[in-house]
Amino acid sequence: MTPDDVVVLIRDAVHRAVAAGDFVAELTDDAVVVERPKSREHGDYTSNIALRLAKSAGKPPRAIADAIAKALIEADGIASVDVAGPGFLNLTLAADSLGVIARSVVEQGRAYGTSSTLAGQNINLEFISANPTGPLHLGHTRWAAVGDAIGRVLTAAGAQVTREFYINDRGVQMDLFAASLQAAASGEPVPANGYHGEYIADLAAQVVAAEPEITRLNPQDQLLAFREGGYRVQLAQQQQVLDDFGTHFDVWYSERYLHSSGAVERGLNTLKEQGHTFTEDGALWLRTTDFGDDKDRVLIKSDGELTYFASDTAYYVDKRNRGFDVCIYLLGADHHGYVGRLRTVAACAGDDPESNIEVLIGQLVKIMRDGAEVRLSKRAGDIVTLTDFVAAAGVDAVRYSLSRYPADSPLTLDLGLITRRSPDNPVFYVQYAHARLSSLQRNAAELGIVRAPEPNLALLNHEREADLLGALAEFPRVVASAANLRHPHRVARYLEELAGIYHRFYDACRVLPMGDEPATDLTHARLWLCEATRVVLSNGLGLLGVSAPERM
RNA sequence: GCCCCCGUAGCUCAGUGGAUAGAGCAGUCGCCUUCUAAGCGAUUGGUCGCAGGUUCGAUCCCUGCCGGGGGCACCA
């Protein structure tokens, strides 16, 4: 019996109690909430429905709880119902209705945890979108991990997801980039406002190696060649790094293409049609103050140049024209001033900023090493890159340690801790549980034990087994809420809890027979439970893009 | 000045109105003669920044204040 099944039982019980005249109530669809109680004494599931109905029913919550309990106890699969505290309903399930969860999980396999809660939603998920002028740094790494996990969780919840990376390959930063490469190649000092990282010299050398004739070009052509050559090399490098990291994009969208394809013009036309543009001081403005911005924004400068804001606006309209219902932007904290503006853009384009656009801000990641903060500055070159981080800690540890926290709160990581590959890092705790389970199955196979096709799952009545079954049943709800809230860290936290519950089960409940003893019905029931746990750990780690090792 | 994030155990952090506020690490004490001890058990540790308000009930929602971080452009 799943939590959703319990919800249905309670709803039916309320209806029966109302029909019997015990109290008066109207149930909305989401009124009945069932939770796993914190304390084992409170049964398998608990509901506060009586407390919620008390006011409108005009009766004390405990009286309502008693009436519901009376109707509920008759339902199949319910072993006992207690009314506790101010009026909580505490349910204990019959052992067999809890045990069948194990079978259901195993049979659903990789599909267990998926749902259709977001079915029909076509979502554009844009993240990282780094300039092609340097390596990916720590801020990008956070989104590479969390953004990818959000994509996986949304997909699991039934949404159609397109991951998109916007390439800022237009604008003055590209020229600065070119000038920096040119200077580095000819051994001259990099311009003061250029890019100073050590990678610039490497990039310049790579460009020269790929196109040796570049050194003989006249300065102007050479500048152009460095810009394009550097762009190609740097972009390819970013793509390779992300590929190695396990974060894959469906669309790499170039800002140049946005302009060359006419999308900018179309976007500006859409805004004009909606009537929110005006001309002043020779510039074209968007009246974002109509929707709460503190000031209007310029689209086309008085010198005829498009602003970056114009590109962003057109890009949003273009996404919508491509058929996306929801455009999610994952941005760094330094872009938070952009959130309000993007929302007004949606409003100016005639959309609903509450539903068509969503901007998530990733707060700063601070890295401590030997008690001191590692400072990050992209242009100065003192950066921790994604590649450095992965080289130091490995893909799994980096992905996991970033995605077990909500992205919208600042984060401090101890590099020493992560690189130490010690159990301090929860990813090892979770992966270890999976490795233990895999090992156990190898041992079972060696003993010639094959899971019985018709196990007696009612035998799973040990307290630790009930804990494990209850936790397994929660997984689909965890994934759905992670998707709805765009909070994949909930999956990670859940996995840590599940791993803990499994380790405690393992400690208390022997699975395989000792010595020459034969396999019993309990052995088989527990093997189903173990495989169900392994499936959920594997699926959950998969949602975070972290591997589920069979050996450690 | 205006806007955003944060303030929970010694440290790093979970906790989208419910029961006795949790985890890991750090500290203390135990458990390997059989499935991975990268594990398990026990124990120490809290005015949930402060003050009001809403509610049967607030760490959570609202208002104000205090403290820390980040952001404001006819830049990209």
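Letters A, B, ... mirror the listed sequences (proteins, then strands); counts begin at 1. What you are looking at is a predicted structure, and each value in this text was computed from that prediction instead of being measured.
- Checking B:A14, B:U55, B:C75 against every side-chain atom of A:Lys55, the shortest atom distance belongs to B:U55.
- Rounded to whole Å, the distance from NE2 on A:His487 to C1' on B:G15 is 12 Å.
- Checking B:G7 for Watson-Crick or G-U wobble geometry (two distances, each under 3.5 Å) identifies B:C66 as its partner.
- With A:Trp285 as the aromatic partner, A:Arg297 does not meet the cation-pi criteria of under 6.0 angstrom to the ring centre and within 45 degrees of the ring axis.
- Listed candidates were B:G18, B:A38, B:U16. Nearest to the side chain of A:Pro86 is B:G18.
- The residue A:Asn48 sits close to a base: some heavy atom pair falls under 4.0 Å.
- In this entry the distance linking NZ of A:Lys59 with C1' of B:C56 reads 18 Å, nearest Å.
- At a threshold of 4.0 angstrom between heavy atoms, the contacts of A:Arg170 are confined to the sugar-phosphate backbone, with no base atom among them.
- Only the C1' atoms considered, B:C5 is 24 Å distant from B:G46, to the nearest whole Å.
- Rounded to the nearest Å, the gap between the C1' atom of B:C48 and that of B:G17 is 15 Å.
- B:C6 and B:C61 are spaced 9 Å apart, taking the P atom of each and rounding to whole Å.
- Figure legend: A:Arg534 and A:Tyr502 shown without cation-pi pairing, the cationic atom not lying both under 6.0 angstrom from the six-membered ring centre and within 45 degrees of its axis.
- For the OP1/OP2 pair of B:A23 and a distance below 4.0 Å, the side-chain nitrogens and oxygens of A:Tyr494 include no atom meeting the criterion.
- A donor-acceptor contact under 3.5 Å links the side chain of A:Thr46 to the base of B:A19.
- Put simply, A:Arg490 has a side-chain N or O that comes within less than 4.0 Å of OP1 or OP2 on B:U16.
- Between B:A73, B:A19, B:A14, one nucleotide has an atom nearer to the side chain of A:Arg341 than all others, and that is B:A73.
- No contact: A:Cys530 has no heavy atom under 4.0 Å from any strand.
- Annotation: A:Tyr308, atom OH; neighbour count of heavy atoms from other residues, nucleotides and ligands within 6.0 Å is above 12.
- Not a single donor-acceptor pair, N or O on each side, falls under 3.5 Å between the base of B:A76 and the side chain of A:Asp312.
- Closest to the side chain of A:Arg504, out of B:C74, B:C40, B:A19, is B:C40.
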For a side-chain hydrogen bond (donor to acceptor under 3.5 Å, both in side chains) check, start with the C-alpha distance between A:Glu126 and A:Tyr316, then their side-chain angles and the critical distance, and finish with the verdict.
CA-CA 11 Å; A:Glu126 184 202 331; A:Tyr316 169 75; over 6 Å; no
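- If you take CZ of A:Arg52 and C1' of B:A19, they are 16 Å apart, rounded to a whole angstrom.
- Nearest nucleotide to the side chain of A:Lys295, out of B:A19, B:A14, B:C74: B:C74.
- With both ends at atom P, the span from B:U20 to B:U59 equals 12 Å, rounded to whole Å.
- At least one side-chain nitrogen or oxygen of A:Arg436 sits closer than 4.0 Å to the OP1 or OP2 atom of B:A37.
- Nucleotide B:C72 forms a pair with B:G1, judged by Watson-Crick or G-U wobble geometry with both contacts under 3.5 Å.
- The separation of B:G69 from B:G30, taken at their P atoms, amounts to 44 Å, rounded to a whole angstrom.
- Comparing A:Arg297 and A:Ser47 along RNA chain B, the residue whose closest nucleotide (by nearest heavy atom) sits nearer the 5' end is A:Ser47.
- Stacking here means ring centres nearer than 5.5 Å and ring planes tilted less than 30 degrees, and by that measure A:His42 stacks onto B:A19.
- Note: CD1 (A:Ile49) to C1' (B:A19) measures 17 Å, nearest angstrom.
- Residue-level contact check: A:Pro406 touches the backbone only, with heavy atoms under 4.0 Å from sugar-phosphate atoms and none from bases.
- With B:C40, B:G18, B:C35 as the candidates, the nucleotide lying closest to the side chain of A:Asp507 is B:C40.
- For B:A58 and B:A21, the C1' atoms lie 12 Å apart once the distance is rounded to whole Å.
- Along RNA chain B, the nucleotide nearest to A:Val172 and the one nearest to A:Gly515 differ in position, and the one closer to the 5' end is contacted by A:Gly515.
- Across the P atoms, B:A76 and B:G68 are found 34 Å apart, a figure rounded to whole Å.
- Remark: A:Arg436 is positioned above the aromatic ring of A:Tyr506, its terminal NZ or CZ atom under 6.0 angstrom from the ring centre and at most 45 degrees off the axis.
- Using a 4.0 Å heavy-atom criterion, one finds that A:Ser438 contacts no nucleic acid atom at all.
- With a cut-off of 3.5 Å on both Watson-Crick or G-U wobble distances, the partner of B:G30 is given as B:C40.
- Spacing of P atoms, B:G1 relative to B:C65, comes out at 11 Å, to the nearest Å.
- Remark: A:Lys38 is not in phosphate contact with B:U20, judged by side-chain N or O atoms under 4.0 Å from OP1 or OP2.
- Under the Watson-Crick or G-U wobble criterion, with both distances below 3.5 Å, B:U47 is left unpaired in every strand shown.
- Distance CG (A:Leu440) to P (B:A37): 11 Å, rounded to an integer number of Å.
- For A:Phe127 and A:His140, the gap between ring centers reaches or exceeds 6.0 Å.
- When distances run from any side-chain atom of A:Tyr506 to the nucleotides B:C5, B:C74, B:A37, the shortest one goes to B:A37.
- Comparing atom distances between the A:His489 side chain and each of B:U55, B:A14, B:U36 picks out B:A14 as nearest.
- Contact annotation for A:Ala84: base contact, defined as any heavy-atom pair under 4.0 Å involving a base atom.
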For a ring pair (Phe, Tyr, Trp, His ring centres under 6.0 Å) check, start with the C-alpha distance between A:Phe291 and A:His276, then their side-chain angles and the critical distance, and finish with the verdict.
CA-CA 10 Å; A:Phe291 299 100; A:His276 297 293; 5.1 Å; yes
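- Set against B:G15, B:A14, B:A19, the side chain of A:Tyr405 has B:A14 as its closest nucleotide.
- Nucleotide B:G17: unpaired (no Watson-Crick or G-U wobble partner with both distances less than 3.5 Å).
- Checked against B:A19, B:A76, B:G69, the side chain of A:Tyr308 finds its nearest nucleotide in B:A76.
- Contact annotation for A:Asn90: base contact, defined as any heavy-atom pair under 4.0 Å involving a base atom.
- A glycosidic torsion no more than 90° from 0 defines the syn conformation, and B:C32 adopts it.
- Rounded to an integer number of Å, the gap from NE2 of A:His503 to P of B:C32 is 20 Å.
- For the pair A:Arg510 CZ and B:C40 P, the computed distance is 18 Å after rounding to whole Å.
- With ring centers used as reference points, A:Tyr338 lies 6.0 Å or more from A:Tyr329.
- Centre separation under 5.5 Å together with a plane angle under 30° holds for the ring of A:Phe88 and the six-membered base ring of B:A19, marking them as stacked.
- When rounded to the nearest whole Å, the span between CE of A:Met514 and P of B:U33 equals 12 Å.
- Within the structure, every side-chain polar atom (N or O) of A:Asn443 is placed at least 4.0 Å from both OP1 and OP2 of B:U34.
- Centroid-to-centroid, the aromatic rings of A:Phe475 and A:Tyr494 come within less than 6.0 Å.
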Carefully, step by step, assess A:His503 and A:Tyr429 under the rule ring pair (Phe, Tyr, Trp, His ring centres under 6.0 Å).
CA-CA 10 Å; A:His503 286 312; A:Tyr429 185 74; 4.9 Å; yes
